[in-house]
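Okay, structure first, notes after.
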Amino acid sequence: MSTSQPVRGSHLTAVNTMLSAIGEMATTQAILDAGSSADVVMAKQILDEVNKEVQGQGWHFNTEYEVEFTPAGDKHIVLGTNIARIDLEAVNSSGLDVIVKWTSAEYRLYDKKERTYEFDSTVKATVVYFYDFIGLPHAAQQYITIKASRVLQDRTVGAQTLHAYSMNDEFRALADLRDWEGETADHSIFDSYSTYRTIKRGPVIT
């Protein structure tokens, strides 16, 4: 039997679910904010790690199409740090060969063909965003919390023998997330990220 299912809410709710999976007592918001407990710090770090890993796959709730990026006065296009993945749309010039580069403490678009950060016009892209855990749909929060609990168990000495989450719990949570995705996104075969990229034939930005 598994521990109780996580309830949609805060980082604290998720961290306490994770701590219960390794037999630790629940923590408080003050301890979480202060980072004064090694187990709490580890749990929060793993939660953030899994949150980014899951969101990076791209879901209906964090993917937007035809997002416009307009060059600034220096013709550079600076990207926010909340972007997980970005693909140029086919409506852009076919001559663009663009990647994302880290420079001057910022992510910027870089044209490999012309070897420049300068763009003369707005470009459109499909963007997968990173969102804060508390803003995610319940199904996503549940899957991330259960997956993070299992990772914490695996990294904690002796925790594997405790009565906690199993791979089956994780698979069921993932199935619930995929069901939610199907119900809310109205997907067709053309909505698959890989299929969409192939059909649109825009250059991939990594």
Under a 4.0 Å N-O cut-off, is there an ion pair linking [X] with [Y]?
{"X": "D111", "Y": "R115", "value": "no"}
{"X": "E49", "Y": "R155", "value": "yes"}
{"X": "K52", "Y": "D48", "value": "no"}

Spatial distance of atom [atom1] ([X]) from atom [atom2] ([Y]) [nearest 0.5 Å]:
{"X": "H60", "Y": "W180", "atom1": "NE2", "atom2": "CH2", "value": "6.0 Å"}
{"X": "Q141", "Y": "N51", "atom1": "CD", "atom2": "CG", "value": "9.0 Å"}
{"X": "H76", "Y": "S104", "atom1": "NE2", "atom2": "OG", "value": "9.0 Å"}
{"X": "L12", "Y": "Q29", "atom1": "CG", "atom2": "CD", "value": "5.0 Å"}
{"X": "L47", "Y": "T13", "atom1": "CG", "atom2": "OG1", "value": "10.5 Å"}

4.5 Å side-chain heavy-atom contact, [X] and [Y]:
{"X": "R85", "Y": "V127", "value": "no"}
{"X": "T81", "Y": "F130", "value": "no"}
{"X": "Y117", "Y": "L109", "value": "no"}
{"X": "R108", "Y": "V100", "value": "no"}
{"X": "K113", "Y": "V98", "value": "no"}
{"X": "E53", "Y": "K147", "value": "yes"}
{"X": "T70", "Y": "I77", "value": "no"}
{"X": "L177", "Y": "Q142", "value": "no"}

Backbone N/O of [Y] and side chain of [X]: donor-acceptor pair under 3.5 Å:
{"X": "S20", "Y": "T17", "result": "yes"}
{"X": "E170", "Y": "Y143", "result": "no"}
{"X": "T116", "Y": "E118", "result": "yes"}
{"X": "W59", "Y": "A140", "result": "no"}
{"X": "N16", "Y": "T27", "result": "yes"}
{"X": "N62", "Y": "Q55", "result": "yes"}
{"X": "E106", "Y": "L79", "result": "no"}
{"X": "E64", "Y": "T126", "result": "no"}

Tell me, please, whether F119 has K75 positioned over its six-membered ring: NZ or CZ under 6.0 Å from the ring centre and within 45 degrees of its axis?
->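 Judged by the rule (NZ or CZ under 6.0 Å from the ring centre, within 45° of its axis), K75 is not positioned above F119.
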
Closest non-hydrogen atom pair, [X] against [Y]:
{"X": "G35", "Y": "V41", "answer": "O-CG2, 3.5 Å"}
{"X": "A43", "Y": "V15", "answer": "CB-CG1, 4.0 Å"}
{"X": "A21", "Y": "S149", "answer": "CB-CB, 4.1 Å"}
{"X": "A148", "Y": "I46", "answer": "O-CG2, 3.6 Å"}

Look at atom OH of Y107 and say whether more than 12 heavy atoms of other residues, nucleotides or ligands are closer to it than 6.0 Å.
->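 Incorrect, the count does not exceed 12.
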
Which of these, I144, I146, L152, T145, sits in a side-chain contact (heavy atoms from CB on, under 4.5 Å) with V50?
->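 Answer after filtering I144, I146, L152, T145: I144.
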
Salt bridge (charged side-chain N to carboxylate O under 4.0 Å, His left out) between D154 and R150, worked out = CA-CA 6 Å; D154 292 342; R150 276 219 324 108; 3.7 Å; yes

Same hydrophobic cluster for I83 and V78, using side-chain heavy-atom links shorter than 4.5 Å among ILVMFWY?
-> no

